[in-house]
Amino acid sequence: MGFDPHEPQQQRMLAAAMKSAQINVGELWLKYFSLGGEVGEYEVEAYLQGLLSLPVLQRDLLAMAANELIDTSAHGRAPYSDELGPDGDSSGQQKPKQEPGSGPWQSETD
């Protein structure tokens, strides 16, 4: 993989989250592409198999796509690169969990 020491773990955890949620590569790629992802479906599949390295932004877009496809109350999450601790575990700083419909763009009456 590339120069980021956390990339292999991020890749493995993404693949595990997808397997747990029964998400296939085509579903992930379509969601990822809709979020602005720049690599093709074959490259995503190669990344998930550990055969291709991707830049942090593309990896995080894949994690975002997977997390949007996963019901977070029933399954694990794919980590963003800044959520991995110094030893590669997921004990890094966690982003605050936000309930659906509670974003700053939502009115109090929604």
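Note that the coordinates shown come from a computational prediction; the quantities given were computed from them, not determined experimentally.
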For this session: To the nearest 0.5 angstrom, please state how far the NZ atom of K19 sits from the CG atom of L14.
Result: 14.0 Å
Exercise. In Å, rounded to the nearest 0.5 Å, how long is the span from CE of M18 to CG of N24?
Worked result: 7.0 Å
Exercise. F33: what forms a ring-ring contact (aromatic ring centres under 6.0 Å, His included) with it, not counting sequence neighbours?
Worked result: W29
Exercise. Of all heavy-atom pairs between P79 and A63, which one has the smallest distance, and what is that distance?
Worked result: O-CB, 3.6 Å
For this session: Check whether any side-chain N or O of E7 sits under 3.5 Å from a backbone N or O of D4 as a donor-acceptor pair, and report yes or no.
Result: no
Exercise. Would a distance-only check, ignoring hydrogens and angles, find a side-chain to backbone donor-acceptor pair under 3.5 Å from Y32 to E38?
Worked result: yes
Exercise. Considering residues at least two apart in sequence or located in another chain, which fulfil the side-chain contact (heavy atoms from CB on, under 4.5 Å) criterion with S81?
Worked result: Q10, V56, R59, D60
Seminar exercise, completed: Scanning both residues in full, the closest heavy-atom pair of L62 with L54 reads CD1-CD1, 3.6 Å
For this session: Spell out, yes or no, whether I23 and Y42 are grouped together once hydrophobic residues are joined by side-chain heavy atoms under 4.5 Å, including indirect joins.
Result: no
For this session: Indicate the atoms forming the closest heavy-atom contact of L52 with Y47, along with that distance.
Result: O-CD1, 3.3 Å
Problem set entry | S34 side-chain N/O to K31 backbone N/O, donor-acceptor pair under 3.5 Å | yes
For this session: Can you run down the salt bridge (charged side-chain N to carboxylate O under 4.0 Å, His left out) pairs that involve residues 41-51, sequence neighbours left out, and say none if there aren't any?
Result: none
For this session: Nearest 0.5 Å please: distance from the CG atom of L69 over to the CE atom of M64.
Result: 12.0 Å
For this session: Search all heavy atoms of L84 against all heavy atoms of M13 and return the closest pair with its distance.
Result: CD2-SD, 4.4 Å
Problem set entry | Over all atoms of both residues, closest heavy-atom pair of E27 and Q22 | OE1-O, 3.9 Å
Exercise. Closest approach of L28 and A65, non-hydrogen atoms and distance?
Worked result: CD1-CB, 3.9 Å
